[in-house]
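Because only heavy atoms are used, hydrogens play no part in the values below, and waters and symmetry mates are left out as well, while side chains stay in.
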Amino acid sequence: MSEEDRVGRLEARLAALEAVVAGLAGKRGSGEAGKQSRIQHGTEEAIRPPRLPRPRVPASPLSSEQWIGQRVLLAIGVVALILAAGYLLRLSFDRGWISPIMRCIGGACAGVIVGAVGWRLQPRYRTYGAALIGCGAAIIYLSVWAAARLYEVLPPTTGILGLAMVSVSLAMIAYAIDVEALGTTAALGAFFAPLLLGRNYANADLLLMYLASMAAGLGLVAARRRWRLTMFVVAVSFFGVAYAGAAARGTPWAVLLYGVLGGTAGIHVGLRERWWETRLLSFSGGWTFVAAASDRLHHPWAILLAGLLLAAPVWWYALHSSRILPLQLPTGSVAPGWSLGEALYFFLTPILLGWAVHGLDPGWFDAKPGAVALLVALPYLIAGYQRPRPAFALVGAAAAGIAAWQHWEGVGRVWALLALVLLWAALDHLLAREDGRWFALGTLWAVLDQLFGEALARRTAADSAFVGAWAVALWATVAMTVGLAAGLWRRAGAASAAPLITGGLWALGGAMVLFGATGEIQRYFALKTLSVQTASLASGLAVSAWWLVFAAALVIVGFRRALKPVRLAGLGVAGLAVVKVLLFDLSSLDALYRVGSVFILGLVFLLLAYLYHRQGRMTGGERRESVI
């Protein structure tokens with residue numbers, strides 16, 4: 001620092017000191033003093049180091065004695081004051097000390113005084129002051145209730161409005177000082193006012209309007225402050241009180257609008273904050289009110305629009321958090337994945353929307369099975385495949401499968417489901433996705449259930465073996481299964497289950513070929529114009545021969561492709577053929593058929609032994625070459 005700088009800073013400090021002395025001596029007001037004061041302020045700002053915020057010291061936990069003294073005694077005192085106010089009102093009523101109007105006014109004034117004291121003490125003693133504020137509000141609440149119920153100096157409607165004003169005022173105070181207990185108390189008071197002063201809910205529409213107004217204000221306060229308990233009270237009261245008093249007697253349009261607005265807002269808040277109780281009440285309550293309105297409202301398009309509005313927050317949440325798995329059991333978890341309840345609401349929504357769609361024209365949709373499921377599937381498929389949104393794609397794929405299942409029957413259903421299997425697996429390759437392969441597996445399971453269930457039970461004698469409608473569907477299913485195993489089922493990522501699944505598909509295809517052809521062989525001889533005994537003998541020999549040939553084919557393919565599991569499968573089939581020949585053919589077949597069965601068994605096993613000797617010789621030669 002140069003000498004000039006030092007001299008300048010010394011002069012500035014001297015000027016600041018002169019200004020302080022002049023101020024103490026009362027020499028103010030002159031232009032020079034004002035100038036020096038400004039110099040002093042600037043100098044002090046330049047010299048004074050910045051103030052650091054004081055670290056907040058966490059409050060130490062209360063001891064048992066302190067907890068009893070601060071909480072228990074406080075609660076007893078508040079309750080005692082409220083009881084004293086009630087007893088005073090009752091005593092004054094019994095003895096006629098003062099008029100009813102003066103009793104209620106006096107009670108309200110006492111409540112105001114207690115609340116004012118609590119407001120004054122709240123900045124220093126937060127819990128104590130908040131308790132006094134709540135106590136004062138309760139005294140005022142009791143006074144208004146007594147004026148409308150006990151003394152009837154106020155009409156019920158005015159009394160309800162008075163109780164609502166007390167509750168709203170308490171909610172505003174709770175919001176200002178951020179005390180959730182007061183907010184919860186305000187919500188209880190606001191929603192219980194119609195129960196305390198109502199006359200059997202004389203005007204259902206007015207009740208809905210009142211409850212909606214209270215819920216809008218109190219729900220907004222709870223959402224802004226993130227008061228979970230208060231929001232729970234609002235949701236319970238909003239749907240519970242309204243359903244008991246107005247769902248069956250209110251105007252259908254008012255009931256519908258009430259359920260849609262409350263349900264949509266509650267679902268949104270519950271999903272955003274991950275409050276399972278709020279979204280449960282809002283989801284179930286909203287759809288319950290829609291159903292109650294639909295019974296008396298002959299406007300199905302309005303019901304569908306209401307369903308879409310209730311589905312909007314569920315869709316919004318799914319669009320912003322597309323990862324479904326793993327499901328999180330703790331609802332408050334912040335880990336990726338949905339909670340069990342969030343997944344439940346998402347997958348229940350298309351079912352409820354299907355109900356709303358069916359209500360547009362029940363007769364037409366009943367005559368067109370699968371149309372409802374198809375209409376639900378289309379928007380979900382568009383949303384799910386426009387971008388990688390597995391949740392929407394899953395719902396769309398399931399709805400499309402249900403549509404195919406409902407629209408077709410018998411073998412036709414098998415072909416429709418096979419087309420969906422091909423579609424989901426092909427879309428994975430075209431769009432570089434990984435979710436369609438699971439849709440394909442699920443649909444393939446439905447194909448097998450239909451093929452070997454209803455379609456097989458419907459098969460008649462007119463359906464030929466090997467080339468009949470059912471048999472062709474069987475070969476198509478085998479081809480689809482083999483195609484999935486050969487690469488149509490996309491093996492993407494580091495899925496450890498991929499080899500197991502492809503192996504299972506190969507085994508499934510082989511089993512269908514083995515046992516499907518076995519059944520067709522037996523059917524072929526059963527349908528021919530032969531005697532029962534001759535058909536049984538011929539089919540038994542043909543089945544044994546088929547098993548042995550199939551076993552030999554597996555071993556040959558296993559050697560050529562160097563696939564040990566395939567060779568082992570061939571040996572397994574060969575073992576089954578040996579058991580069949582020894583236990584069944586030799587005891588049941590005629591002499592000629594018995595000779596043929598054993599002859600074929602010998603030839604096939606000689607072939608298998610030759611293949612294994614040849615393979616062993618080739619392996620031994622390679623081993624000797626490697627040693628040399």
Less than 3.5 Å apart, which donor and acceptor atoms pair up between the side chains of residues 358-379 and the rest of the protein, not counting sequence neighbours?
from	atom 1	to	atom 2	distance (Å)
H358	NE2	D366	OD1	2.9
D361	OD1	W364	N	3.4

Taking only distance into account, with no hydrogens and no angle test, what donor-acceptor pairs under 3.5 Å do side-chain atoms of residues 553-577 form with protein atoms, sequence neighbours excluded?
from	atom 1	to	atom 2	distance (Å)
R567	NH1	G558	O	3.2

Expected list for residues 497-504: side-chain donor-acceptor pairs under 3.5 angstrom, two or more places apart:
from	atom 1	to	atom 2	distance (Å)
T502	OG1	A498	O	3.0
T502	OG1	P499	O	3.0

Per-pair distances, 0.1 Å, donor-acceptor, side chain in residues 469-488, under 3.5 Å, sequence neighbours excluded:
from	atom 1	to	atom 2	distance (Å)
W470	NE1	L451	O	2.9
W475	NE1	F466	O	2.9
W475	NE1	A471	O	3.4
T477	OG1	A473	O	2.8
T481	OG1	T477	O	2.8

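The two residues R389 and Q386 have their closest heavy-atom pair at NH1-OE1, 4.2 Å. The shortest heavy-atom contact between W338 and A391 is CH2-CB, 3.8 Å. Listed here is the closest heavy atom pair of V395 and P350: CG1-CG, 3.6 Å. Across every non-hydrogen atom of A465 and E520, the tightest pair is CA-OE1, 3.2 Å. When every heavy atom of A404 is checked against every heavy atom of L420, the shortest pair comes out as CB-CD1, 4.1 Å. Closest approach of D428 to R490, counting heavy atoms only: O-CD, 3.7 Å.
Contact check for L352 versus L310: no side-chain heavy atoms found under the 4.5 Å cut-off. Put simply, the side chain of M512 reaches to within 4.5 Å of the side chain of L448, judged on heavy atoms. The shortest distance between side-chain heavy atoms of W301 and H299 does not fall below 4.5 Å. Looking at heavy atoms from C-beta onward, Y317 lies out of side-chain contact with I267 at the 4.5 angstrom threshold.
For the atom pair F289 CZ and L261 CG, the distance stands at 12.0 Å (nearest 0.5 Å). Once rounded to the nearest 0.5 Å, the distance linking OG1 of T443 with CH2 of W438 reads 13.5 Å. Atom OG of S284 sits about 12.0 Å away from atom CZ of R279, to the nearest 0.5 Å. To the nearest 0.5 Å, the span separating CZ on F283 from OG1 on T264 amounts to 11.0 Å. Atom-to-atom distance recorded for R491:CZ and W489:CH2 is 7.5 Å, nearest 0.5 angstrom. A distance of 11.0 Å separates CG in L348 from CG in L353, rounded to the nearest 0.5 Å.
Sorted by first and then second residue, the side-chain hydrogen bond (donor to acceptor under 3.5 Å, both in side chains) pairs involving residues 373-382 (not counting sequence neighbours) are W315-Y380.
Checked against salt bridge (Lys or Arg N to Asp or Glu O under 4.0 Å), R226 has the following partners two or more places apart in sequence or in another chain: E273. Contacts of R413 classified as salt bridge (Lys or Arg N to Asp or Glu O under 4.0 Å), with partners at least two apart in sequence or in another chain: E454. Partners of E409 under the side chain to side chain donor-acceptor pair (under 3.5 Å) rule, at least two apart in sequence or in another chain, are R458. Not counting sequence neighbours, the partners of T230 by the side chain to side chain donor-acceptor pair (under 3.5 Å) test are T184. The side-chain contact (heavy atoms from CB on, under 4.5 Å) search around Y385 returns L381, A393, W424, L427, L431, R433, F439, not counting sequence neighbours. Residues forming a side chain to side chain donor-acceptor pair (under 3.5 Å) with R225 (at least two apart in sequence, or on another chain): none. When the salt bridge (Lys or Arg N to Asp or Glu O under 4.0 Å) test is applied to D463, the partners found at least two apart in sequence or on another chain are R459.
Remark: the backbone N or O of F232 is not paired with any side-chain donor or acceptor of W227 at under 3.5 angstrom. No donor-acceptor distance shorter than 3.5 angstrom exists from the side chain of R272 to the backbone of V269, with no hydrogens or angles considered. Judged by distance alone, with hydrogens and angles left aside, the side-chain atoms of S294 form a donor-acceptor pair with the main-chain N or O of A291 at under 3.5 Å.
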Before giving the answer on ring-ring contact (aromatic ring centres under 6.0 Å, His included), spell out for F550 and F515 the whole-Å C-alpha distance, their side-chain angles and the decisive distance to 0.1 Å. CA-CA 11 Å; F550 187 78; F515 296 107; 8.9 Å; no
Give the intermediate values and the outcome of side-chain contact (heavy atoms from CB on, under 4.5 Å) for residues L256 and I303. CA-CA 8 Å; L256 181 66; I303 302 300; 4.0 Å; yes
Which is it for W547 and T518 under the side-chain contact (heavy atoms from CB on, under 4.5 Å) test, yes or no, and what are the steps along the way? CA-CA 8 Å; W547 284 15; T518 299; 2.9 Å; yes
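Annotation: Y243, atom OH; neighbour count of heavy atoms from other residues, nucleotides and ligands within 6.0 Å does not exceed 12. The environment of CH2 in W316 is crowded: more than 12 heavy-atom neighbours from other residues, nucleotides or ligands sit within 6.0 Å.
In this structure, F392 has its ring center closer than 6.0 angstrom to the ring center of F346.
Between E342 and R274 a salt bridge is recorded (basic side-chain N to carboxylate O distance below 4.0 Å).
Using cut-offs of 30° and 60° on the angle between ring planes, the pair Y258 and F238 is parallel.
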